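If you're wondering where the values come from, they're calculated on a predicted model, not measured in any experiment.
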Amino acid sequence: QVQLVESGGGSVQAGGSLRLSCAASGRTFSSYVMGWFRQGPGKEREFVAAISRSGGNTYYADSVKGRFIISRDNAKNTVALQMNSLKPEDTAVYYCAADPRMIIVPSRRPAGYEYWGQGTQVTVSS
């Protein structure tokens with residue numbers, strides 16, 4: 001089992017940047033595929049980005065490709081989401097998630113992830 005704690009959310013103007021971090025407990029962090037999801041007001045939770053266990057492969061939603069970067073540090077049990085060129089439509093609660101399955105391609109569905117953090121609010125003003 002793993003516990004996830006996000007940090008780094010906040011308020012920023014459009015065009016600005018934020019860096020989210022997710023700290024994981026446990027000694028098996030490197031065995032989890034990690035993902036970031038977000039849920040805006042009145043919207044369903046949606047996929048943002050995912051990263052393979054080694055960090056060698058990354059995956060992005062079309063809406064954030066070229067603006068967001070996901071990375072992980074298995075020695076520090078952390079996964080980060082660097083968000084650049086933020087837009088008002090990026091406003092949401094952002095969640096870190098872990099998938100313990102031995103899969104090759106990360107799921108883009110929330111149901112594919114077993115462990116979740118509590119979320120961190122990101123607000124982008126125009």
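- Checking side-chain atoms of Glu44 against main-chain N and O of Gln39 turns up no donor-acceptor pair under 3.5 Å.
- Remark: side-chain polar atoms of Tyr60 are paired, donor with acceptor, to backbone N or O of Ile70 under 3.5 angstrom.
- With 3.5 Å as the limit, one finds no donor-acceptor pair spanning the side chains of Thr78 and Asp73.
- One N or O on the side chain of Asn77 and one on the backbone of Gly26 form a donor-acceptor pair closer than 3.5 Å.
- A salt bridge between Lys65 and Asp62 is present, with a side-chain N of the basic residue lying under 4.0 Å from a carboxylate O of the acidic one.
- Sorted by first and then second residue, the disulfide bond (SG atoms under 2.5 Å apart) pairs involving residues 66-126 (not counting sequence neighbours) are Cys22-Cys96.
- Scored by the ring pair (Phe, Tyr, Trp, His ring centres under 6.0 Å) test, Phe47 finds Phe37 as partners (sequence neighbours excluded).
- The cluster map of Ile, Leu, Val, Met, Phe, Trp and Tyr, joined by side-chain heavy atoms under 4.5 Å apart, puts Tyr115 and Met34 in the same cluster.
- If you chain together hydrophobic residues whose side chains sit under 4.5 Å apart, Val124 and Tyr95 never meet in one group.
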From CA spacing to verdict: side chain to side chain contact (heavy atoms under 4.5 Å, CB included), Val122, Arg38: CA-CA 9 Å; Val122 171; Arg38 66 186 182 187; over 6 Å; no
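- Val79 is not connected to Tyr113 by any chain of hydrophobic side-chain contacts under 4.5 Å among Ile, Leu, Val, Met, Phe, Trp and Tyr, and they are in different clusters.
- Note on Val105 and Val33: same hydrophobic cluster, where clusters join Ile, Leu, Val, Met, Phe, Trp and Tyr whose side-chain heavy atoms are under 4.5 Å apart, directly or indirectly.
- Checked by atom type and distance alone, the side chain of Arg72 pairs as donor or acceptor with a backbone atom of Phe29 at under 3.5 Å.
- Hydrophobic clustering keeps Tyr59 apart from Val64 (ILVMFWY residues linked when any side-chain heavy atoms are closer than 4.5 Å, directly or through intermediates).
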